[in-house]
Enquirer: 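Have a look at the structure that comes next, please.
Lettering of chains follows the sequences in order, A, B, ..., and the numbering in each one begins at 1.
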Amino acid sequence: MNKLTKLELSHIPKLPRHAKLRFDEARKKWIINAPERVFELDEIAAEVMQLVNGNISINSIVDSLHNKFKEASREQISKDVIIMLQSLADKGFIVSE
Amino acid sequence: MSEISQDKSFSTPEKRSKTLIPYAMLCELTHRCPLACPYCSNPVQLELKSNEISTDLWKKALSDAVKIGILQAHFSGGEPTARKDLEELVSHASKIGLYTNLITSGVLINEDRLKKLYDAGLDHVQVSIQDTDPENSEKIAGFKGHQKKITTCGLIRKVGLPLTINSVMHRQNLHNLKDMINLAVQLDAERLEVAQVQYYGWALKNQTAFLPTRKQLDDATIIVEEARKKYKGILAIDYVVPDYYAKKPKSCMGGWGRQFLNITPAGKVLPCHAAESLDFLNFENLKEKSLAWIWEHSESFNRFRGTDWMPEPCRSCDRREIDWGGCRCQAFALTGNADAADPTCEFSPYRKVLDEPLSKAGNKTPEFVYRKF
């Protein structure tokens with residue numbers, strides 16, 4: 001398991017054991033549970049995080065999202081995904097194999 | 001994406017208890033503890049082992065917590081590993097979807113038990129370290145266990161659990177803050193909480209022994225800012241300037257009865273771990289009432305919930321839904337009036353009650369008044 005100080009498109013991101021993604025019935029939202037923190041995900045973040053599984057690269061995640069949301073440019077999606085995942089990686093909540 | 005933690009306010013606009021959904025519960029499994037920390041956050045009056053609630057009642061409380069939307073269960077104490085059913089409770093909590101955190105001194109646990117907790121689904125461990133200097137660490141804890149804590153931290157990482165170091169920093173150990181940050185990195189911790197002494201309950205007896213000087217805090221802030229840059233992505237550091245030296249009060253517990261609840265070893269349900277210091281309030285017990293009812297309807301949870309209870313200067317303040325009036329326990333402990341603005345607020349008419357202790361912050365350090373179970 002590696003900590004990621006700078007994410008690249010080829011990285012295969014995953015959540016570390018201490019960060020857990022799940023749908024919360026009470027709030028009707030996807031959330032990430034982490035030590036002393038809860039991240040409530042907006043719709044876009046929830047779409048991204050459901051693809052973060054330690055099996056596919058950020059490049060593939062972007063492809064997948066681009067297929068689903070054709071109205072946004074691939075370039076824009078790629079930029080947004082990197083920014084979002086980097087903010088979690090900076091706090092240690094995204095790692096790579 | 002929004003992020004919440006105890007020191008941040010929660011942005012949901014609902015004001016009525018009906019629509020509030022709590023995030024976390026602190027399960028104080030026992031008040032028994034081998035340490036004797038002079039800033040202990042447990043109430044001045046401790047519960048005896050004979051008053052502790054059963055495994056089954058704890059399990060029911062955890063199940064009920066999930067139903068009202070609680071996401072995280074923190075197993076604390078006292079020393080929670082003093083309870084033999086800890087593994088069983090962690091396993092139950094984990095199975096029903098709660099995020100589980102063990103808050104421990106680390107002195108009563110071995111590798112075998114850590115493995116069992118890992119297998120039970122424990123998500124995270126927080127270990128307290130009183131100082132980096134072993135002698136001073138043991139003086140503060142009132143217990144010879146510094147090396148054992150370091151060993152436990154290593155075992156926690158060895159079995160694969162994530163680690164937070166919690167260090168209460170104050171006048172008598174702030175000079176070692178840099179070492180504490182380095183120790184946390186060496187121990188491969190993900191997080192370091194640089195915590196402040198909260199001066200109510202037992203800690204108030206030791207206020208002068210702990211209050212740091214302004215200079216110490218200014219130095220600490222610089223050290224933390226530099227370390228945050230240096231260890232970005234390696235070690236997260238939680239640090240807030242203690243409220244005695246701030247102009248605005250903290251958003252204590254994210255607001256009374258808004259995000260958090262605490263269950264005592266005897267089964268009482270509190271809006272915060274120090275709430276029993278408000279001795280005029282009656283706190284309901286799980287033996288008599290359900291968790292959901294207590295959260296929504298009890299007098300104690302509604303007493304300071306929202307903003308309707310506030311007198312001036314809080315009532316018309318534009319920060320009233322940011323800090324929710326600050327800390328009620330502190331207001332009561334320092335002014336005798338639980339409705340008063342938190343005296344740490346610059347607009348509080350009681351702000352002067354902090355001047356006297358602060359004026360002594362540079363004086364000779366008094367001896368600790370230890371607490372013993």
Enquirer: Among pairs that include at least one residue of residues 55-76 of chain A, which meet ring-ring contact (aromatic ring centres under 6.0 Å, His included), considering only residues two or more places apart or in two chains?
Expert: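 Listed once each, the pairs would be none.
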Enquirer: How long is the gap from CD on B:Gln72 to CD on A:Glu36, to the nearest 0.5 Å?
Expert: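 Those atoms lie 7.0 Å apart.
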Enquirer: Out of curiosity, A:Lys20 NZ to B:His124 NE2, how far, rounded to the nearest 0.5 Å?
Expert: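 Spacing of NZ (A:Lys20) from NE2 (B:His124) equals 12.5 Å.
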Enquirer: Is the terminal nitrogen or CZ of A:Arg22 (NZ for Lys, CZ for Arg) located under 6.0 angstrom from the six-membered ring centre of B:Tyr99 and within 45° of that ring's axis?
Expert: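 That pair does not qualify as a cation-pi contact.
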Enquirer: Measure A:Asp24 against the heavy atoms of chain B and call it side chain, backbone, both or neither at under 4.5 Å.
Expert: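 Contact with chain B is through the side chain of A:Asp24 alone.
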Enquirer: What pairs of residues pass the ring-ring contact (aromatic ring centres under 6.0 Å, His included) test when at least one of them lies in residues 70-97 of chain A, not counting sequence neighbours?
Expert: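 Non-adjacent pairs meeting ring-ring contact (aromatic ring centres under 6.0 Å, His included): A:His18-A:Phe93, A:Phe39-A:Phe93.
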Enquirer: Report which part of B:Tyr231 has an atom under 4.5 Å of a heavy atom belonging to chain A: side chain, backbone, both, or neither.
Expert: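 Contact with chain A is absent: no heavy atom of B:Tyr231 under 4.5 Å.
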Enquirer: Give a yes or no on this: more than 12 heavy atoms of other residues, nucleotides or ligands lie within 6.0 Å of atom CD1 of A:Ile44.
Expert: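 Open.
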Enquirer: Considering only heavy atoms, which portion of B:Asp123 lies under 4.5 Å from any heavy atom of chain A: side chain, backbone, both, or neither?
Expert: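 Its backbone and side chain both get close to chain A.
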Enquirer: Where does A:Ile31 contact chain B at under 4.5 Å (heavy atoms): side chain, backbone, both or neither?
Expert: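 Just the side chain, heavy atoms under 4.5 Å.
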Enquirer: How long is the gap from NZ on A:Lys91 to CZ on B:Arg191, to the nearest 0.5 Å?
Expert: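 It is 12.5 Å, given to the nearest 0.5 Å.
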Enquirer: A side-chain contact here means heavy atoms from C-beta on lying under 4.5 Å apart; do A:Val38 and B:Gln259 qualify?
Expert: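 The answer is no, as the side chains (C-beta and beyond) never meet within the 4.5 Å cut-off.
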Enquirer: Treating A:Glu25 as the side-chain partner and B:Gly69 as the backbone partner, does any N or O pair qualify as donor plus acceptor under 3.5 Å?
Expert: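 No.
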Enquirer: Among B:Val66, B:Leu122, B:Ile70, which has the most heavy-atom pairs under 4.5 Å with chain A?
Expert: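 Heavy-atom pair counts peak at B:Leu122.
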Enquirer: Report yes if some heavy atom in the side chain of B:Leu71 is under 4.5 Å from a heavy atom in the side chain of A:Arg27; otherwise report no.
Expert: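 In short, these two side chains touch, coming nearer than 4.5 Å.
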